[in-house]
Amino acid sequence: MSDTPDGTVVVRIGEVEAYKGSDDPASHAFRGRTDRNGSMFEAPGTLYVYRSYGVHWCANVAAGPAGTGWGILFRGGEVSDGKSLAQRRRGRLDGLTNGPGKLTQALGIVGDDNGTDLLAPESTIRLEPGPGPELVMATPRIGISKGTERPWRFVAATGLTPAG
DNA sequence: ACTAAGATTACCT
DNA sequence: GGTAATCTTAGTA
């Protein structure tokens with residue numbers, strides 16, 4: 001209910017995927033640093049934004065020591081504040097953050113935001129700590145053809161396991 | 001220089 | 001279930 005008046009969208013991230021740089025054939029950083037993936041090689045906390053399928057923006061955070069190219073892709077979450085702004089950005093009322101491109105659009109992140117320090121208090125785009133999930137489910141990552149044997153997609157859950 | 005393949009989404013039948 | 005949209009990198013010539 002408490003939409004922030006200054007136009008802020010807050011999302012509780014509930015689904016991520018890990019990409020381990022040169023050790024991970026599914027990673028954009030597997031073959032080393034390029035113009036596109038450079039920010040993933042910066043200090044941990046640096047935002048890496050890439051154009052997906054030539055159409056959507058997807059957002060990651062550099063998550064390893066500088067130079068490693070390790071990163072975390074934000075895939076989904078729940079809007080906890082600023083829902084009306086997220087709806088306006090998405091152009092619809094539902095399905096606001098259930099996918100990497102959708103989540104990024106709901107947060108208003110675009111290519112120009114690539115390289116932002118998500119841990120700096122003055123950044124307009126920030127990553128902040130919050131209460132952890134009750135349960136984390138690990139599954140293979142979505143939409144990749146290599147490295148599928150690694151269960152590096154992590155989904156927040158509560159209550160009982162899928163098996164019951 | 002040219003072609004193929006993507007860490008996806010929305011809209012069509 | 002199928003497909004268009006259309007940017008970047010890698011592989012081939």
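Chain naming here is simple, since letters A, B, ... match the order of the sequence lines and numbering starts at 1 in each. All heavy atoms count here, side chains included; hydrogens, waters and symmetry mates do not.
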Original post:
Just checking A/Asn60: base, sugar-phosphate only, or nothing, at a heavy-atom cut-off of under 4.0 Å?
Top reply: base
Original post:
Rounded to the nearest Å, what distance is computed from the NZ atom of residue A/Lys146 to the P atom of nucleotide B/dA5?
Top reply: 11 Å
Original post:
Which nucleotide, in any strand shown, forms a Watson-Crick or G-U wobble pair with B/dC2, with both distances under 3.5 Å?
Top reply: C/dG11
Original post:
A/His28 NE2 to B/dG6 P: how many Å, rounded?
Top reply: 11 Å
**OP:** Go ahead and name the base partner of B/dA7; Watson-Crick or wobble counts if both distances stay under 3.5 Å, otherwise write none.
**Re:** none
**OP:** Grab the CZ-P distance between A/Arg141 and B/dG6 for me, whole Å please.
**Re:** 14 Å
**OP:** Compare the minimum distances between each of B/dG6, C/dT9, B/dA7 and the side chain of A/Ile144, then state the nucleotide with the smallest one.
**Re:** B/dA7
Original post:
Where the side chain of A/Thr34 is defined as all heavy atoms beyond and including C-beta, which of C/dA5, B/dA7, C/dA10 is the nearest nucleotide?
Top reply: C/dA10
Subject >> Residues A/Arg150 and A/Glu17 bridged, charged N to O under 4.0 Å >> reply: no
Original post:
Hey, does the side chain of A/His56 come within less than 4.0 Å of B/dT9's phosphate (OP1/OP2), counting only N and O?
Top reply: no
**OP:** Could you check which of B/dA7, B/dT9, C/dT9 has an atom nearest any side-chain atom of A/Pro100?
**Re:** B/dT9
**OP:** Name the closest nucleotide to the A/Arg92 side chain, picking from B/dA10, C/dT8, C/dT6.
**Re:** B/dA10
Original post:
B/dA7 base to A/Tyr50 side chain: any donor-acceptor pair below 3.5 Å?
Top reply: yes
Subject >> CA sep, side-chain torsions, deciding dist, call: A/Leu47, A/Asp113, side chain to side chain contact (heavy atoms under 4.5 Å, CB included) >> reply: CA-CA 7 Å; A/Leu47 180 65; A/Asp113 299 312; 3.9 Å; yes
Original post:
Is the shortest heavy-atom distance from the side chain of A/Met40 to the side chain of A/Tyr50 under 4.5 Å?
Top reply: no
Original post:
Between atom CZ in A/Arg153 and atom P in B/dT8, what is the gap in whole Å?
Top reply: 11 Å
Original post:
In whole angstrom, what separates A/Phe154's CZ from B/dA7's C1'?
Top reply: 15 Å
Subject >> OP1 or OP2 of B/dG6 under 4.0 Å from side-chain N/O of A/Arg51 >> reply: no
Subject >> Atom-pair distance (CE on A/Met40; P on C/dT8), nearest Å >> reply: 15 Å
Original post:
When you match A/Lys102 and A/Ile142 each to their closest nucleotide on DNA chain B, which lands nearer the 5' end?
Top reply: A/Ile142
Original post:
Just by distance, with hydrogens left out, do A/Gln105 and A/Arg90 show a side-chain donor and acceptor under 3.5 Å apart?
Top reply: yes
Subject >> Pairwise side-chain contact, A/Phe74 with A/Ile109, heavy-atom cut-off 4.5 Å (strictly under) >> reply: no
**OP:** Calculate the interatomic distance between A/Tyr53 atom OH and B/dA4 atom P; express it in whole Å.
**Re:** 16 Å
Original post:
Are A/Ser52 and B/dT9 close enough that a side-chain N or O sits under 4.0 Å from OP1 or OP2?
Top reply: no
**OP:** Report the distance from atom CZ of A/Arg31 to atom P of B/dG6, rounded to the nearest whole Å.
**Re:** 11 Å
Original post:
If you check every side-chain atom of A/Ser145, which of B/dA7, C/dT9, B/dG6 has the closest atom?
Top reply: B/dG6
Original post:
Do we count A/Tyr19 as stacking onto B/dA7 if the rule is ring centres under 5.5 Å and planes under 30°?
Top reply: yes
**OP:** Look at the side chain of A/Arg36 and decide which nucleotide, out of B/dA10, C/dT8, B/dA7, has an atom nearest to it.
**Re:** C/dT8
**OP:** Please check if the side chain of A/Ser27 supplies one atom and the backbone of A/Lys20 the other of a donor-acceptor pair under 3.5 Å.
**Re:** no
Original post:
Taking the C1' atom of each, how far is C/dG1 from B/dA7, in whole Å?
Top reply: 23 Å
